[in-house]
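Excluded from the calculations below are hydrogen atoms, water molecules and symmetry mates; all remaining heavy atoms, backbone and side chain alike, are included. This chain uses plain numbering: 1 for the first residue, then up along the sequence.
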Amino acid sequence: MKTGLIGLMLWAWSSSWLPSAVAEDSTHPNIILILADDLGYSDLGCFGGEIDTPNLDSLAAGGLRMTQLYNTARCCSTRASLLTGLYPHRAGVGAMTADLGLPGYRGFLNDQSVTIATRLRDVGYRTYLAGKWHLRGAGNPECTPINRGFDEFFGHFNAYASFWREDLFYRLPEGRERHDYGDDFYATDAITDHAMDYIAEARKLDEPYFLYLSYNAPHFPLHAPKEVVDKYAATYADGWDEIRERRYARMLEQGVIRKSFKLSPRGHVTKVPDRNRDSPYYDEQIPAWKDLPSERRADLARRMAIYAAMVEIMDRNIGRVVEDLRSNGELDNTLIVFLSDNGACAEWDPFGFDNEPYPKNRLHTGDDQLAEMGSKGTFHSYGTGWANASNTPFRLYKHYNHEGGISTPTIIHWPAKISRKGEIDHQPAHIIDLTATLAEVADAGYPAELNGKATHTPAGVSLAPILDGDQMPERPLFFEHEGNRGVRRGQWKLVWTNFEKCWELYDIDKDRSEMTDLATEHPDKVTELEELWLIWAGENDVAREKIEAPSTGMPKLYYVPKK
């Protein structure tokens, strides 16, 4: 049976089935969808991390943690799937680059994909976006939040933006009032300020609202106030080896991972690719922390301290929103979903922006240079070693379809409806499922046409059974980004990287760290899953031939071999 038919049957099933938790009360809840940018799987306290995240930890304690909800390995593609319920290629955003002229690789939302904002607005919701959009690409400047279902927008359009520069952030529709920060602008605070303005507006109008709170933290450039960074200086002086061991132990203690999931080694692949070929972001093998020179350790520890400060500040701002809901008696009937768009990012200071001459991967030494890191006019990332720690215990990072690239720390909080307070759910799901879930909660329909064109049928299914403590039906989940690809069904996962160029097979129930490749032991399973993947690729506009990408610094090849 073709996977498109499978997806259609499951979508119809989930749309017609209303769980008891939702059926009891037809009042539309407020919905807040919070998306972090490049947050690693183990960064939050409630997922094993040492970063101070009391507000998110509290949401987890009063809600549900999902440990196997998958993303699409990249910022823009995840946003496309999150908002439409489609696989990213079907929505037109299979790659983050210029328009490649193929339906799955336009770089912006196509005109056959309907956003959840549009669907919720059609049933009476006010719809707001505060933060990162990243879905219009260079090929379609008209693909803005306001033109895709949102009533109000404050944020930025591109992959990243300086946290200190107000001029990179926009307010739409044109002429709407915005805060004037002067020299006090900091992106995470400003995004939250506007989000709270939106909530206050909806409260005055006495209308339910959908708030998409799309933070750009902790995506590079690493920017945070010095006083918060200093708090973590001693913590990360211990290095990534020690941090990984501590996180791994806490994750086991919390029940986030199973004892059979081993801590992956620092060297995650059997060979290092040619960096001039198709994988420019994969760096050299990660050295032991103790083997690094002291000056390099000081530089790297400071980078991670800035990153941690960015996560803490994001958590503080989420706390502002939660406290506002609580003080106004709205927290119980507000559905809050928190997640990250992809795994941790291993890129080494890869770009500047707006033609500003940032030094790339410069070693900072001495107290003055170290103190300068994270301030206005600087540009840093934290690289492979810390990305590996952020993704504890998994392999690889953003861009790749191994668990380190596509695993999302997920929290769902809704006191009035979720009885599983403080529980952890390990069922596999996908970011495409959240649109179906929000639509079911709000009783929002799906239009057959958009601007005179037939719309694409969503691929996701509602997660409402999980909220009620029930089991989801087994189904395949699919992945492709930059030629890296994968498919997960039940306990089995088939995965491919562009630098290994072969299928690997893992029993995820026993070996989610992907340490033991079983492809040679189960060739029939490889063939079975590959066939499913190829059918899916054909149905979802995934490229079936070599594509030469423009010269943008992106990988040169997106390649899916024909069978």
Side-chain angles (χ1 to χ4, degrees), residues 1-11 70-74 77 80-81 85-95 100-106 110 112 278-279 396 399-403 405-406 428-433 456-461 473-508 514 517-549 555-563:
M1 181 181 291
K2 288 184 177 292
T3 54
L5 180 58
I6 293 172
L8 180 59
M9 292 170 61
L10 287 173
W11 177 78
Y70 288 114
N71 56 61
T72 71
R74 196 68 177 276
S77 55
S81 289
L86 299 166
Y87 281 107
H89 312 77
R90 195 68 167 148
V93 193
L100 298 180
L102 294 176
Y105 302 86
R106 303 302 305 277
N110 60 37
Q112 293 178 278
D278 7 9
S279 300
L396 291 180
H399 297 273
Y400 301 103
N401 297 152
H402 283 72
E403 295 294 289
I406 58 174
H430 195 286
I431 209 161
I432 55 175
D433 300 332
H456 292 319
T457 301
V461 302
E474 184 179 295
R475 63 200 161 112
L477 303 172
F478 300 96
F479 310 89
E480 191 277 336
H481 186 65
E482 297 178 343
N484 305 299
R485 47 198 181 267
V487 54
R488 165 88 188 267
R489 186 169 71 174
Q491 72 190 85
W492 296 105
K493 180 183 174 186
L494 195 66
V495 64
W496 171 296
T497 62
N498 252 339
F499 53 81
E500 291 286 4
K501 296 191 181 298
C502 64
W503 285 115
E504 303 167 15
L505 180 70
Y506 297 100
D507 182 342
I508 296 298
E514 297 167 308
D517 180 6
L518 301 174
T520 57
E521 296 181 31
H522 299 280
D524 291 346
K525 182 60 65 174
V526 172
T527 300
E528 172 192 334
L529 293 177
E530 181 187 36
E531 290 290 349
L532 284 177
W533 190 92
L534 288 166
I535 292 171
W536 168 82
E539 293 181 341
N540 284 273
D541 299 322
V542 177
R544 307 300 296 275
E545 58 187 13
K546 181 177 178 180
I547 305 173
E548 295 291 347
K556 296 179 181 179
L557 304 178
Y558 307 87
Y559 182 65
V560 178
K562 292 184 178 180
K563 183 76 173 182

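With Asn401 contributing its side chain and Arg485 its backbone, the two residues share a donor-acceptor pair below 3.5 Å.
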*asked:* I'd like to know whether Trp503 forms a side chain to side chain donor-acceptor pair (under 3.5 Å) with Glu530, so could you lay out the CA-CA distance, the side-chain angles of the two residues, the decisive distance to 0.1 Å, and finally the verdict.
replied: CA-CA 9 Å; Trp503 285 115; Glu530 181 187 36; 3.1 Å; yes
*asked:* Checking Glu403 against Tyr506 for the side chain to side chain donor-acceptor pair (under 3.5 Å) test, could you report, in this order, the C-alpha distance in whole Å, the side-chain angles of both residues, the deciding distance, and whether it holds?
replied: CA-CA 11 Å; Glu403 295 294 289; Tyr506 297 100; over 6 Å; no
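Considering all non-hydrogen atoms of both residues, Val542 and Trp533 come closest at CG1-CH2, 4.4 Å. Between Leu86 and Pro458 the shortest heavy-atom distance is CD2-CA, 3.8 Å. When every heavy atom of Ala429 is checked against every heavy atom of Leu477, the shortest pair comes out as O-CD1, 3.7 Å. Of all the heavy atoms in Phe478 and Leu532, the pair that sits closest is CE2-O, 3.6 Å. Nearest heavy atom pair, residue Pro476 against residue Val487, reads CB-CG2, 4.4 Å. Taking both residues in full, the closest heavy atoms of Ala73 and Asn71 are given as N-OD1, 2.9 Å, listed atom of the first, atom of the second, then distance.
A distance below 6.0 Å separates the ring centres of Tyr87 and His430.
Under a 4.0 Å N-O distance rule, the pair Arg90/Glu539 does not qualify as a salt bridge. The existence of a salt bridge linking Asp541 and Arg106 is excluded, since no basic side-chain nitrogen approaches an acidic carboxylate oxygen closer than 4.0 Å.
Applying the ring-ring contact (aromatic ring centres under 6.0 Å, His included) test to His89 and every residue at least two apart in sequence or in another chain returns Tyr105, Trp536.
To the nearest 0.5 Å, atom CG of residue Leu494 and atom OG1 of residue Thr527 are 9.0 Å apart.
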